[in-house]
Amino acid sequence: MRLYNGNCLEALKTLPAKSIGLILTDPPYNIGKAEWDKIENYVEWCGEWLTECQRVLKDNGTLIFWHNDITLSSELLHWISKNTDFVLNSFGLWHKPNFRKLGWSNKSGECTLRSWFNVFEFFFVFINPTAGREWKKTGLDYVYSTPECFKPLKEWYHSELKRLNITKQDIYAKYTEVTGKKPYMPARHYFKDSQFEIPTQSVYESVYIPLGFNKSYEELRPTFNIFDGETYSNYFTADKQNCSNAQLHPCRKPLNILAKLIKTHSRENEIVLDCFMGSGSTGEAAVNLNRDFIGIELDKNYFSIAKDCIENAIKAKNQEDK
Ligand SMILES: C[S@@+](CC[C@H](N)C(=O)[O-])C[C@H]1O[C@@H](n2cnc3c(N)ncnc32)[C@H](O)[C@@H]1O
């Protein structure tokens with residue numbers, strides 16, 4: 001963990017190129033929320049840190065930033081498409097269902113009665129295509145070419161071999177017994193690191209289940225992907241328990257949503273960077289998921305809150321891991 005109390009436009013320049021797996025950040029939206037949220041030449045200013053983000057991001061890395069202002073977001077997206085190599089991959093929504101409270105607490109213009117309260121914040125997901133071919137490995141291509149994507153599944157497979165006291169030779173023999181054929185190429189790659197393959201349903205049910213493997217084919221399915229079996233849409237609400245410390249910063253982001261983004265877009269031990277760290281919510285979520293974290297925050301007070309939160313998260317994690 002490295003935390004900087006300073007201006008990210010300077011701190012980012014000290015980070016090595018292509019060193020960060022995921023940049024997940026929550027910049028000022030320039031909507032006048034506080035003094036730090038009033039920025040002249042906003043899009044050009046964003047251009048400065050975005051350019052640095054592109055430099056420090058790994059070739060296969062992801063940049064995600066939050067926003068909630070449609071006009072400014074669209075200007076920013078336009079600037080990014082014209083001036084960087086980032087490709088907009090997708091976006092998601094944090095839905096804040098307490099719209100009555102938001103309606104009363106947010107300053108609004110004269111036309112309020114003819115408008116809709118904005119109860120969403122967006123996050124925009126960009127991939128970094130500066131590295132030639134590798135960046136194209138997203139989705140299934142990435143999953144199939146990255147052995148650790150299937151770690152839980154492979155660990156389960158090996159623990160089952162042990163429990164049942166069998167070897168892969170026993171599996172091949174069963175395969176031949178059932179099909180009358182020698183194990184063909186894909187069968188030899190089932191659950192392996194190299195050229196990972198998953199058995200077809202009929203092979204699994206006629207070979208693995210009779211040998212005693214303890215999960216049904218359907219039960220295996222959730223561990224096929226890297227998302228812990230949850231269904232993912234781009235629409236999120238905050239878990240109640242993650243809102244309890246919202247008083248730490250007026251723009252604090254819910255830990256459960258940050259955790260989903262970090263899990264989906266980075267690997268364990270990769271570095272997650274938040275260059276507008278505020279009270280450190282991204283850092284907390286990153287630490288909880290065994291990611292390294294770099295955080296930058298200009299304001300002394302928020303910096304010290306962030307430092308405490310992240311240090312506490314590390315302590316709790318160490319305790320849990322003991
Ligand atoms: C939207 S808030 C981030 C809140 C954070 N997501 C949280 O959960 O607490 C943006 C933060 O960026 C900080 N900030 C503004 N300009 C900055 C700069 N140039 N460098 C670093 N931090 C900056 C502000 O002080 C503010 O705390």
Side-chain angles (χ1 to χ4, degrees), residues 1-15 20 22-53 55-56 63-69 72-73 76 92-94 96 102 106 118 120-125 236-239 241-262 265 272-289 291 293-313:
M1 173 179 84
R2 263 178 290 161
L3 305 182
Y4 297 80
N5 181 199
N7 187 338
C8 69
L9 298 182
E10 282 143 34
L12 280 170
K13 294 202 172 94
T14 67
L15 303 181
I20 309 289
L22 167 65
I23 301 173
L24 171 52
T25 197
D26 183 18
Y29 298 169
N30 213 23
I31 55 173
K33 194 103 187 156
E35 273 316 304
W36 53 259
D37 199 28
K38 296 173 189 164
I39 291 161
E40 270 180 43
N41 302 322
Y42 179 66
V43 174
E44 288 75 12
W45 176 81
C46 288
E48 282 191 54
W49 58 263
L50 284 162
T51 304
E52 275 305 300
C53 285
R55 186 185 66 79
V56 300
L63 162 72
I64 302 177
F65 67 80
W66 291 90
H67 220 291
N68 84 342
D69 185 280
L72 289 173
S73 304
L76 260 180
L93 300 171
W94 167 24
K96 297 185 267 186
L102 288 168
N106 280 341
N118 184 5
F120 291 105
E121 297 205 22
F122 316 99
F123 58 83
F124 296 102
V125 179
F236 298 91
T237 51
D239 277 355
Q241 71 268 24
N242 288 330
C243 294
S244 56
N245 48 8
Q247 74 280 4
L248 297 176
H249 195 293
C251 311
R252 196 164 160 90
K253 295 292 176 282
L255 291 178
N256 69 311
I257 303 179
L258 295 169
K260 280 186 183 163
L261 297 179
I262 291 170
H265 294 282
V272 175
L273 164 71
D274 184 352
C275 43
F276 299 98
M277 167 172 69
S279 59
S281 50
T282 309
E284 257 185 88
V287 162
N288 290 341
L289 290 164
R291 270 59 171 179
F293 178 70
I294 298 180
I296 310 170
E297 170 58 44
L298 188 58
D299 182 276
K300 254 195 188 139
N301 181 38
Y302 289 140
F303 178 81
S304 125
I305 294 174
K307 192 164 170 284
D308 286 350
C309 283
I310 298 168
E311 281 173 357
N312 287 340

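Nothing here was measured: the structure is a model prediction, and the numbers come from that model. Just so it is clear, the values below take in all heavy atoms, side chains as well, and ignore hydrogens, waters and symmetry mates. Atoms within a ligand are numbered from 1 in the order they appear, just like the ligands themselves.
Note on ligand 1: Ala306 sits outside its first shell, no heavy atom being nearer than 4.0 Å. Ligand 1 is never approached by Lys33 to a heavy-atom distance shorter than 4.0 Å. In this structure, Asn7 is part of the shell of residues with a heavy atom less than 4.0 angstrom from ligand 1. Heavy atoms of Ala11 come nearer than 4.0 angstrom to ligand 1 in no pair at all.
Numbered from 1 in the order shown, with element, the atoms of ligand 1 that lie under 4.0 Å from a heavy atom of Met277 read 5 (C), 7 (C), 9 (O). In summary, the atoms of ligand 1 found under 4.0 Å from a heavy atom of Ser281, numbered by their order in the structure, are 6 (N), 7 (C), 8 (O). Here is the list of ligand 1 atoms found below 4.0 Å of a heavy atom in Pro28: 15 (C). Heavy-atom contacts of Cys275 reach the following atoms of ligand 1: 21 (C), 22 (N) (cutoff under 4.0 Å). Those atoms of ligand 1 with a heavy atom of His249 less than 4.0 angstrom away are 2 (S), 4 (C), 9 (O), 26 (C), 27 (O). Atoms of ligand 1 lying under 4.0 Å from at least one heavy atom of Lys253, given by number and element, are 6 (N), 8 (O). Listed by number with element, the atoms of ligand 1 under 4.0 Å from a non-hydrogen atom of Gly6 are 20 (N), 21 (C). When each atom of ligand 1 is checked for a heavy atom of Ser279 under 4.0 Å away, the hits are 7 (C), 8 (O), 9 (O).
Of the heavy atoms in Tyr302, only side-chain atoms (C-beta onward) come closer than 4.0 Å to ligand 1. Both the backbone and the side chain of Arg252 come within 4.0 Å of ligand 1, judged by heavy-atom distances.
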Test side-chain hydrogen bond (donor to acceptor under 3.5 Å, both in side chains) on Ser281 and Arg252; report intermediate values, then the result.
CA-CA 7 Å; Ser281 50; Arg252 196 164 160 90; 4.6 Å; no

Leu261 and Trp66: CA distance, side-chain angles, deciding distance, side chain to side chain contact (heavy atoms under 4.5 Å, CB included) verdict
CA-CA 12 Å; Leu261 297 179; Trp66 291 90; 4.2 Å; yes

Hey, mind stepping through Leu255 and Asp239 against side chain to side chain contact (heavy atoms under 4.5 Å, CB included) and telling me if it holds?
CA-CA 8 Å; Leu255 291 178; Asp239 277 355; over 6 Å; no

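Within 6.0 Å of CD in Glu40 there are 12 or fewer heavy atoms belonging to other residues, nucleotides or ligands.
Classification of Lys13 and Glu10 as a salt-bridged pair fails, no side-chain N sitting under 4.0 Å from a carboxylate O.
Using bins of under 30°, 30° to 60° and over 60° for the plane-to-plane angle, the ring pair Phe65/Trp49 lands in the perpendicular bin. In this structure, His249 and Tyr302 have tilted ring planes: the angle between them lies in the 30° to 60° band.
A heavy-atom distance below 4.5 Å is found between the side chains of Ile310 and Met277. When side chains are defined from C-beta on, Thr237 does not count as touching Asn256, because their heavy atoms never get closer than 4.5 Å. Residues Thr282 and Asp26 have side chains not in contact (no heavy-atom distance under 4.5 Å, counting atoms from C-beta outward). When side chains are defined from C-beta on, Leu9 counts as touching Trp45, because their heavy atoms get closer than 4.5 Å. By the 4.5 Å heavy-atom criterion applied to side chains, Ile23 and Val56 are counted as neighbours.
Closest to atom 14 (N) of ligand 1 among all protein heavy atoms lies Phe276 CD2, 3.7 Å. Among all non-hydrogen protein atoms, the one lying nearest atom 24 (C) of ligand 1 is Glu297 OE2, 3.4 Å. Looking only at heavy atoms of the protein, atom 20 (N) of ligand 1 is closest to Cys8 N, 2.9 Å. Nearest protein heavy-atom neighbour of atom 10 (C) of ligand 1: Asp26 O, 3.3 Å.
Residue Asp299 has no nitrogen or oxygen atom sitting less than 3.5 Å from a nitrogen or oxygen atom of ligand 1, judged on distance alone. The N/O atoms of Trp45, backbone and side chain alike, include none that comes under 3.5 Å of an N/O atom in ligand 1. Geometrically, ligand 1 and Trp36 share no nitrogen or oxygen pair separated by less than 3.5 Å. Close N/O approach between Pro27 and ligand 1 is not found [any backbone or side-chain N/O within under 3.5 Å]. An N or O contact shorter than 3.5 Å links Leu298 to ligand 1 by distance.
Aromatic pair Phe124/His67: ring centres not closer than 6.0 Å.
With hydrogens and angles disregarded, a donor-acceptor distance shorter than 3.5 Å links the side chain of Lys253 to the backbone of Cys251.
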